[in-house]
Amino acid sequence: MAKVKHESRWYPLESGESVLDGLLRQGVSVPNSCRAGACQSCLMKAVRGTVPEAARVGLKDTLVAQGYFLACTCRPPEGTELEVAGAEALRVPARITSLTLLSADVLRVRLVTDAPFEYRAGQYVSLVRADGLARSYSVASLPREGELELHVRLLPGGAMSGWLAADARPGDAVQLQGPVGSCFYVPGRPEQPLVLAGTGTGLAPLYGIVRDALEAGHSGPIWLFHGARVPEGLYLRDALRELAERHPQLHYRPCVLAGGSRDVAEGSLDVLIRTECPKPVGFRAYLCGDPQLVLSLRKKLFLSGLSLKDLHADSFLPSAPKAEVVTNSPAGVR
Amino acid sequence: MDTAAAMKSVYEQIGGEPAMAAAVEVFYRKVLTDDRISHFFEDVDMERQAAKQKAFLTMVTGGPSSYSGRDMRAGHAHLVKHGLNDMHFDAVAGHLKETLEELGVAAPLVARVLAIAESARADVLNR
Ligand SMILES: Cc1cc2nc3c(=O)[nH]c(=O)nc-3n(C[C@H](O)[C@H](O)[C@H](O)COP(=O)(O)OP(=O)(O)OC[C@H]3O[C@@H](n4cnc5c(N)ncnc54)[C@H](O)[C@@H]3O)c2cc1C
Ligand code: FES
């Protein structure tokens with residue numbers, strides 16, 4: 001049996017159980033969302049004892065050096081004794097400054113942090129509510145803008161999005177943890193063509209990245225594809241169209257599955273991308289949003305010649321359901 | 001080919017690590033578009049999959065590899081359970097050959113690589 005010590009109490013783990021599941025099962029509150037090692041909401045710090053390598057995959061070296069690990073992917077072997085602490089030290093207090101609907105189901109949330117918060121446009125943060133509820137959101141603003149901007153899709157029954165839409169008010173205190181992710185613009189090859197694609201609020205990081213690239217003087221073509229089911233699902237259309245008018249190298253291509261028009265293409269996103277960028281060899285790509293879409297676009301772009309090192313993607317994995325039972329995954333499936 | 005060249009590994013002769021990185025992408029695209037075998041190479045994490053293939057290519061070209069026959073066996077055991085057989089092995093070997101040819105590797109060197117790959121057949125298929 002492995003056991004975990006948290007705030008001077010020991011908690012036994014069942015065989016194969018993650019630190020996150022074990023603590024939650026025994027009533028300890030730990031922020032979490034994807035439970036798949038992607039969002040980093042569940043960061044904890046090992047004060048004593050060793051953590052399996054798998055629980056540190058994707059963490060920045062500076063976090064690893066301080067003993068941080070992901071509680072959801074940490075399954076200590078039998079006999080391990082681990083002493084852990086929360087990641088409160090990594091969280092920055094912040095206040096909501098405004099809540100504005102950008103479309104029927106996309107809410108723009110602006111925040112200011114009470115302490116300096118360094119990030120790159122396109123990275124994501126964990127938004128942590130006072131009671132510990134945590135969800136990841138990509139940052140749509142630029143660091144120089146002062147306020148942080150998130151685009152939150154309103155989901156029926158959504159814990160965080162529902163709260164933001166109905167109950168949160170400007171002035172409310174929250175915390176931010178992060179930033180995380182390598183989906184950001186890196187200067188150095190200003191002539192390299194870029195392709196940015198996302199559906200729904202997958203636009204949030206792309207909105208940051210595209211403006212970051214333009215401000216950095218990117219001169220090569222920048223293709224921005226934004227997909228939605230219907231035209232009402234698109235947002236920031238005017239802002240992006242104006243941006244494209246000011247920057248001839250920017251090609252903004254909104255796209256819907258139904259209800260297209262002169263300005264909005266109709267059809268699937270990958271077909272549109274293939275039409276506009278038939279040979280993306282040597283391009284750099286940023287793909288964000290729906291996990292299925294990100295996965296399939298990534299593969300298609302790679303197969304059409306884009307190099308893996310030029311593919312940057314963030315999948316917006318949903319939060320994992322609460323009453324998760326620990327199952328043994330079938331052999332051969334990982 | 002002079003004797004010195006013959007002594008050098010194919011890995012060194014084709015340009016070492018940078019050449020391997022290029023070869024992996026060419027090879028990976030081939031296996032992903034081959035319906036007979038693509039399902040063995042589908043992985044949510046494309047970087048992880050590419051890293052595995054790089055280890056394989058490094059081994060069969062005689063580069064610095066820590067891959068042993070035992071690892072080969074263990075690494076493919078679950079795929080063999082899912083039906084991995086000679087047909088799949090031949091398909092992969094075919095793509096390996098084409099990849100090297102496309103990268104301009106000379107025929108005798110390609111033959112050497114394929115011979116090394118062939119010697120791994122029993123381990124890969126867990127026989
Ligand atoms: C790296 C990363 C970046 C992200 N960036 C953003 C972002 O910029 N903007 C944004 O809006 N979201 C983003 N997300 C998703 C976000 O973290 C939350 O999962 C999402 O806001 C739902 O949280 P909630 O508490 O409102 O709903 P929950 O209470 O978690 O879920 C409510 C219900 O909706 C279902 N559900 C969850 N997601 C979806 C979905 N996509 N489609 C349909 N049903 C769903 C759930 O299964 C559940 O039944 C990101 C996620 C990750 C991992
Ligand atoms: S990384 Fe652990 S909950 Fe998302």
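Chain naming here is simple, since letters A, B, ... match the order of the sequence lines and numbering starts at 1 in each.
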With rounding to the nearest 0.5 Å, note down the distance linking CG in B/L32 to NZ in A/K300. 12.5 Å
Within 6.0 Å of [atom1] in [X], more than 12 heavy atoms from elsewhere:
{"X": "A/E191", "atom1": "CD", "result": "yes"}
{"X": "A/R229", "atom1": "CZ", "result": "no"}
{"X": "B/R70", "atom1": "CZ", "result": "no"}
{"X": "B/D45", "atom1": "CG", "result": "yes"}

Heavy-atom contact with chain B under 4.5 Å, split by part of [X]:
{"X": "A/L303", "answer": "both"}
{"X": "A/K309", "answer": "backbone"}
{"X": "A/S307", "answer": "both"}

Salt bridge present between B/E47 and A/R298 (N-O < 4.0 angstrom): yes
Contacts with chain A made by residues 19-31 of chain B (heavy-atom distance under 4.5 Å), listed by residue number: B/E25, B/Y28, B/R29
